[in-house]
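Below: one structure, written as structure tokens.
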Amino acid sequence: MEQVLATALAEAIDNCQQMGLFRVKTPQKIVVQPPTDSKLKSPGDLSTNIALVLASQAKQPPRQIAQAIVDNLHLDDGLIDKVELAGPGFINFYVHQGWWYQTLLTIEAQKAQYGTLDMGRGEQVQVEFVSANPTGPLHIGHGRGAVVGDVLANILQKAGYDVQREYYINDAGNQMSMLGRSTLARYRQLLDHPVSFPENGYQGEYIKDIARQLVDTAGNSLLDKPEAEAIVQCTQFAKNQILGGIKADLKRFGVRFDQWFSEQSLYQQKLVEQNLEFLEHAGHIEKREGALWLKSSALGDDKDRVVKRSNGEPTYLASDIAYHQHKYQRGFKKIIDIWGADHHGYVDRLKAAVSALGQDPQSLNVLLVQLVSLVREGVPVAMSTRQGEFITLIEVLDEVGVDAARFFFLTRRCDSQLELDLELAKKQSAENPVFYVQYAYARICSVIRQAQQDGIALPTARDVDLKLLKHTDEIELIKKLVEFPALLRGSVLALEPHRLTFYVLELASRFHKYYHRQRVITEQEQETAARLVLVDSIKIVLKIVLDLLGISAPEQM
RNA sequence: GCGCCUGUAGCUCAGCUGGAUAGAGCAACGGACUUCUAAUCCGUAGGUCGUAGGUUCGAAUCCUACCAGGCGUACCA
């Protein structure tokens with residue numbers, strides 16, 4: 001419909017030019033869209049601002065141009081009921097009601113496939129997210145990243161991309177050895193052979209739990225081993241325990257990965273070394289002060305960055321270079337990394353590295369998810385894994401449930417900080433917006449059940465007279481359903497999964513409104529049939545969105 | 001110091017690829033269950049869109065400066 005109108009408008013503008021009404025360059029594109037302010041008392045169904053856009057070029061008042069365009073506009077019969085000018089020069093089109101009804105047929109035919117797009121054309125996309133170091137359990141901030149990544153992957157898939165979900169395990173480097181040393185210290189304490197706890201070690205209680213398990217499986221056998229060997233064994237043991245816990249937590253949270261990619265494997269395959277050599281040959285690396293530096297300042301970064309320290313150890317950036325090259329070599333055309341916002345200083349250097357590797361930095365999308373700050377009973381809770389003071393994801397899931405937690409994390413944009421008061425979240429659990437949406441779904445199921453009890457089978461759209469859906473509430477609901485594919489498209493383009501939660505809230509709200517004003521099952525058979533078709537379409541779309549969000553759709557509440 | 005994010009109703013936030021009278025939820029107040037689920041709905045009230053300039057026919061949206069909060073700014077990850 002938008003396309004039809006845009007074409008007709010373009011012809012009308014040509015006509016005006018030929019008649020000498022105004023002179024402009026033929027516009028590249030003509031935007032026809034639903035009016036942005038839906039609260040208008042008498043909204044046009046579609047609207048264009050083209051006259052306003054052309055006004056300055058034509059040096060004429062926008063309303064005059066709009067009038068000229070409308071006068072020369074030729075549309076097929078039956079599409080548009082009325083065309084009118086509004087405000088400073090908008091042209092509003094009142095779409096013939098019958099057109100909206102088509103959507104109900106479409107939804108019924110496509111069912112769960114409604115809204116599926118072909119934007120990606122099967123292009124391979126990778127979403128890498130969570131990627132928390134296996135040095136401690138997932139906390140609430142990781143939970144937010146997990147949901148954002150998971151839902152983003154879902155919508156990319158629905159938009160026609162071939163999506164892979166990946167978790168990068170930082171199982172190399174200093175942090176891991178610190179984990180091993182912390183575990184060994186706790187282990188020795190348990191066996192009455194205490195040593196001083198490593199400086200900057202991991203002090204969380206969970207390390208003690210791991211040490212206890214290590215005692216259970218290995219007894220006191222580590223006491224006699226050389227320290228280096230004992231540390232390696234502790235590191236392995238602790239890493240496996242923690243990673244197992246992370247995997248279990250994510251599974252419970254409904255977050256699934258296709259691949260768990262180990263940083264260590266990059267070293268084992270000598271990929272880190274090879275990529276550094278490649279960059280050196282390409283002239284992107286230089287030796288200074290005993291260290292190797294990536295000349296990233298030439299590629300958009302603030303300064304050059306060390307990739308290999310003067311003691312010969314590669315930095316985190318070195319393995320990340322190898323990792324990202326590996327991603328490209330696996331065939332991904334678009335790479336999305338989801339990081340905590342505290343890593344934002346890292347974006348420019350990674351993009352610089354990607355350019356140095358000969359890849360297009362535009363293909364790397366880094367999404368920064370602002371951290372979740374926690375408040376418990378009004379007192380801010382610091383979230384430092386080192387200090388061991390943090391609220392784990394699992395604790396929050398125990399308190400508010402998976403559905404509510406997932407929904408909550410998507411109730412604001414990624415780049416907006418999220419303050420979560422745990423006491424408040426608990427209190428709100430009974431009135432959490434997620435229940436509002438689920439309730440709408442359950443209500444529809446209930447209506448359909450009731451109809452079946454009354455001996456009314458769910459009708460098919462083409463067998464009913466859809467024109468009976470003539471109330472404003474009904475048309476508004478259909479328009480909301482029509483909007484879904486465009487909404488999905490916008491979410492994908494902007495990489496903004498939160499738009500789905502806002503959409504589904506609006507859809508649920510319109511349904512609840514309708515439910516109160518009109519009965520679905522009435523005395524009139526034809527009307528009931530038409531309304532059941534409408535309500536079933538809403539049910540289908542609610543389910544599609546809830547599935548994308550990873551939230552359950554209960555048939556009864 | 002420099003960089004990134006944020007600042008919209010009492011509170012929590014949408015709206016930000018420029019468009020019409022800036023929206024929603026919560027809280028407040030007043031209403032609605034002989035009716036398909038009241039976890040719902042209807043109504044009232046609530047605003048210098050952080051401040052000041054600029055661009056534009058038009059700015060919450062774009063640009064500049066400033067203010068406030070958060071986060072970065074390692075041969076840590």
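We name chains A, B, ... by the order of the sequence lines, and we start the count at 1 in each one.
- Proximity note for N92(A) (side chain, C-beta onward) versus A20(B), C57(B), U12(B): the nearest is A20(B).
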### Summary
Writing each nucleotide of RNA chain B 5' to 3' as (, ), [, ], | or . by Watson-Crick or G-U pairing under 3.5 Å yields (((((((..((((.....[...)))).(((((.......))))).....(((((..]....))))))))))))....
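- The residues K513(A) and E476(A) are annotated as not salt-bridged, no charged nitrogen and carboxylate oxygen being separated by less than 4.0 angstrom.
- If you check residues 483-501 of chain A against RNA chain B, the residues with a heavy atom closer than 4.0 Å are H498(A), listed by number.
- S310(A) contributes a side-chain N or O that forms a donor-acceptor pair with the base of C75(B) under 3.5 Å.
- With A77(B), U40(B), G19(B) as the choices, the nucleotide that has an atom nearest any side-chain atom of Y346(A) turns out to be A77(B).
- Using a 4.0 Å heavy-atom criterion, one finds that K303(A) contacts the sugar-phosphate atoms exclusively.
- Between D536(A) and L104(A) there is no side-chain heavy-atom pair separated by less than 4.5 Å.
- Nucleic acid contact for A451(A): none, since no nucleic acid atom lies under 4.0 Å from a heavy atom of the residue.
- Side-chain polar atoms of Q175(A) and T135(A) form no donor-acceptor pair below 3.5 angstrom.
- Among T48(A), I80(A), V83(A), the single residue meeting the side chain to side chain contact (heavy atoms under 4.5 Å, CB included) criterion with L5(A) is I80(A).
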So which protein N/O to nucleotides 2-6 of chain B N/O distances come out below 3.5 Å?
unit_1, atom_1, unit_2, atom_2, d
G3(B), N2, H344(A), NE2, 2.3
C5(B), O2', Q370(A), NE2, 3.4
C5(B), O2', D415(A), O, 2.6
U6(B), OP1, R413(A), NH2, 3.2

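- In this structure, the side chains of L532(A) and V464(A) stay at 4.5 Å or more apart for every pair of heavy atoms.
- Residue T315(A) places no side-chain atom within donor-acceptor reach of the base of A77(B), judged by atom type and a 3.5 Å distance cut-off alone.
- The pair D304(A)-R288(A) meets the salt-bridge criterion, since a charged nitrogen lies less than 4.0 angstrom from a carboxylate oxygen.
- When only modelled atom types and interatomic distance are considered, Y514(A) and E474(A) share a side-chain donor-acceptor pair under 3.5 Å.
- The shortest side-chain heavy-atom distance between F511(A) and K480(A) does not fall under the 4.5 Å cut-off.
- F129(A) pairs with exactly one of V148(A), I336(A), I338(A), D337(A) by the side chain to side chain contact (heavy atoms under 4.5 Å, CB included) rule, that one being I338(A).
- Residues I285(A) and L276(A) approach most closely at CD1-O, 3.6 Å, considering heavy atoms.
- Stacking here means ring centres nearer than 5.5 Å and ring planes tilted less than 30 degrees, and by that measure F90(A) stacks onto A20(B).
- For the pair P497(A) and L152(A), the tightest heavy-atom approach, listed with the atom from each and the gap, is CD-CD1, 4.0 Å.
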